[in-house]
> 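Have a look at the structure that comes next, please.
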Amino acid sequence: MTDPFIQLAAIGVVGLGAQWLAWRIRLPSILLLLVAGFLLGPVFGMIDPDTLLGDALFPLVSLAVGIILFEGGLTLNLKDLPVAGQVILRLITVGALATWVVSALGARYILGFSWPIAILTGAILIVTGPTVVGPLLRQIRPKGTAGKILKWEGILIDPVGAVLAVLVFEVIRLEEISNVTSFLLLGVVQSLLVGLTFGLLGAGLLIFMLKRYLVPDHLQNGVTLLLVVGLFALSDVLVHESGLLTVTVMGIAMANQPWVPVRHILEFKENLQVLLIGILFIMLAGRINTAILSNITWEALLFVLLLIVVARPLGVLLSTWRTPVGAKERVFLM
């Protein structure tokens, strides 16, 4: 096994190097990151994230995603909503529901999963996520409203999907629940209450400290980062997966308030996001089990095809029906 110090260095260097190479040859950075992680992990055995980080692996991944969501929230402008708001709202509700239903049916009848596991699989698969969409949009730079819609959807769907998946899992685990609808509604309300409250409180506290110059310039980025991490963790302790909504709301609130400039915070978070995305995808690809890959069946490939050519297009079509979004933009959204 490679020395832990070498593993950490390799993850960081290769993660950033793959993104630089992707920029040079004009390919999506995620593609090279996944290939690099697969080579470092399963192929050459240079890294083993599970052994390297142990039980801290997934908490660190969650914190990294939380920081990326906060940075994504800082890039969202409420001025986009009059033009794209209707489609964005539909994508994270009607579109997500369509994806959930199609994915669950596919998992049941193509993969042969039991109904509970199929429904849980469908809930998990509604997420697109900023860690995937963000780098792709940075590479493609689409014109018109499509880019704005995808950016908003990619960030907002993450907490929606996480909360939904957790609630569905709890319903499956606690078989004695008598009223599933009430349980799900209560879970959604709790997540919204905690996420909105702590997100707005966090933004208010940060604005107060920056406006009153209670934090010197050289500590502002550090204080912001730790405030985001602290509120993310506190929210998750109160209601599982509500931390994603907290940091998203906090980022949006900071981006659209008029009292303090946030450009320096955004620049710091953008640089941090590049590093975190590189590390995340290298580690996650490094955990792939080659034995599982060798057992991929035609049913699994058919299921993936269903997600690409049925689930996503159906969600987009329902979300853009009777809206000004043009045909080319609809195809791009699909």
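Remember, it's a predicted structure, so these values are computed and weren't measured experimentally.
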> Determine whether V274 and L27 fall in the same hydrophobic cluster, where Ile, Leu, Val, Met, Phe, Trp and Tyr are linked whenever their side-chain heavy atoms lie under 4.5 Å apart.
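In one cluster: no.
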
> Give me the atom names and distance for the closest heavy-atom approach of S319 to T323.
O-CG2, 4.0 Å

> Distance check, rounded to the nearest 0.5 Å: I157 atom CD1 versus L150 atom CG?
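Result: 12.0 Å between the selected atoms.
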
> How many angstroms lie between CG in L57 and CE in M283, if you round to the nearest 0.5 Å?
5.5 Å

> In the structure I gave you, are the side-chain heavy atoms of L31 and F281 within less than 4.5 Å of one another anywhere?
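Counting from C-beta outward, L31 and F281 never come under 4.5 Å.
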
> Treating D80 as the side-chain partner and K148 as the backbone partner, does any N or O pair qualify as donor plus acceptor under 3.5 Å?
no

> Decide if atom CG of D55 counts as having more than 12 heavy atoms of other residues, nucleotides or ligands within a radius under 6.0 Å.
no

> Could you go through the side-chain contact (heavy atoms from CB on, under 4.5 Å) check for L125 and F303 one step at a time?
CA-CA 12 Å; L125 290 174; F303 179 68; 3.7 Å; yes

> In the single-linkage hydrophobic clustering (I, L, V, M, F, W, Y; side-chain heavy atoms under 4.5 Å), do F232 and L275 co-cluster?
yes

> Tell me the closest heavy-atom pair linking L76 and A255, and the distance in Å.
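So the two residues come closest at O-CB, 3.7 Å.
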
> For a 4.5 angstrom cut-off between non-hydrogen side-chain atoms, does L301 reach L305?
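No; the side chains remain at least 4.5 Å from each other.
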
> When the side chains of residues 101-109 are checked against the rest of the protein, which donor-acceptor pairs come out under 3.5 Å, sequence neighbours left out?
residue	atom	partner	partner atom	Å
S103	OG	T99	O	2.7
R108	NH1	F113	O	3.3

> Begin from the C-alpha positions of K151 and V133 and carry the test side-chain contact (heavy atoms from CB on, under 4.5 Å) through to its verdict.
CA-CA 7 Å; K151 184 167 66 172; V133 175; 5.9 Å; no

> Under 4.5 Å between any side-chain heavy atoms of P142 and F332, yes or no?
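Of all side-chain heavy-atom pairs linking F332 with P142, at least one is under 4.5 Å.
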
> Here's a test for you: under side chain to side chain contact (heavy atoms under 4.5 Å, CB included), which of I68, L74, I67 qualifies with Q273?
I68

> If you count heavy atoms of other groups shown closer than 6.0 angstrom to CZ of F169, is the number above 12?
no

> Got a second to check how far Q220's CD is from Y213's OH, nearest 0.5 Å?
9.0 Å

> Taking N256 for the side chain and N77 for the main chain, is one N or O donor matched with an acceptor at less than 3.5 Å?
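Between the backbone of N77 and the side chain of N256 there is no qualifying donor-acceptor contact (under 3.5 Å).
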
> Who passes side chain to side chain contact (heavy atoms under 4.5 Å, CB included) against V249, sequence neighbours left out?
L196, L200, L245

> To check you understand the geometry: which heavy-atom pair defines the closest contact between A96 and I126, and what is its length?
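Result for this residue pair: O-CG2, 3.4 Å.
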
> Any side-chain to backbone donor/acceptor pair from R312 onto L306? Under 3.5 Å, distance only.
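Such a contact is absent between R312 side chain and L306 backbone.
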
> Report yes if the side chains of I265 and L210 come closer than 4.5 Å at any heavy-atom pair, otherwise no.
yes

> State yes or no: do V229 and L201 share one hydrophobic cluster built from I, L, V, M, F, W and Y residues joined by side-chain heavy-atom distances below 4.5 Å, directly or via other members?
no

> Please test V247 against L231 for side-chain contact (heavy atoms from CB on, under 4.5 Å), starting from the C-alpha separation and ending with a verdict.
CA-CA 8 Å; V247 296; L231 289 173; 5.7 Å; no

> Does G187 offer a backbone N or O that forms a donor-acceptor pair with the side chain of Q190 under 3.5 Å?
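Not a single qualifying donor-acceptor pair exists.
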
> Give, for atom CG of L78 and atom CD1 of I252, the distance between the pair rounded to the nearest 0.5 Å.
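One finds 7.0 Å between CG of L78 and CD1 of I252.
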
> Heavy atoms, side chains only, cut-off 4.5 Å: are L225 and F70 in contact?
no

> Indicate the atoms forming the closest heavy-atom contact of G243 with D236, along with that distance.
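Taking G243 first and D236 second, the nearest heavy atoms are N-OD1, 2.9 Å.
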
> For the residue pair A203 and A253, what are the closest heavy atoms and their distance?
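Smallest heavy-atom distance, with atoms named: CB-CB, 3.6 Å.
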
> Verify the cluster assignment for L284 and L69: are they in a single hydrophobic cluster under the rule of side-chain heavy atoms below 4.5 Å apart?
no

> Considering all heavy atoms of both residues, which atom of T320 and which atom of R330 are nearest to each other, and what is their separation?
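Looking at all heavy atoms of both residues, the shortest contact is O-NH2, 2.8 Å.
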
> Nearest 0.5 Å please: distance from the OG atom of S29 over to the CD atom of Q19.
5.0 Å

> In the hydrophobic cluster built from side-chain contacts under 4.5 Å, what are the other members alongside V166?
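Its cluster partners, ordered by chain and number, are none at all.
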
> Could you tell me the separation between the CD1 atom of I149 and the CD atom of E329, rounded to the nearest 0.5 Å?
6.5 Å

> Quick check: do L314 and L318 have side-chain heavy atoms less than 4.5 Å from each other?
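Side-chain contact under 4.5 Å: yes.
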
> With clusters defined by side-chain heavy atoms of hydrophobic residues (ILVMFWY) lying less than 4.5 Å apart, directly or transitively, does F198 cluster with L226?
no

> Measure from the side-chain N and O atoms of W100 to the backbone N and O of I119, and report whether any donor-acceptor pair falls under 3.5 Å.
yes

> Apply side chain to side chain donor-acceptor pair (under 3.5 Å) to residues S191 and S242 and explain how you reach the verdict.
CA-CA 5 Å; S191 299; S242 64; 5.7 Å; no

> Let's go through T197 and T246 carefully: what are the C-alpha distance in whole Å and the side-chain angles of both, what is the deciding distance for side-chain contact (heavy atoms from CB on, under 4.5 Å) to 0.1 Å, and is it a yes or a no?
CA-CA 8 Å; T197 301; T246 294; over 6 Å; no

> Using the rule side chain to side chain contact (heavy atoms under 4.5 Å, CB included), only one of L53, L280, I279 pairs with L60; which is it?
L53

> Side-chain contact, heavy-atom cut-off 4.5 Å: L276 with E71?
no

> Tell me, do W321 and R90 make a side-chain contact under 4.5 Å, heavy atoms counted?
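With C-beta onward as the side chain, the pair touches.
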
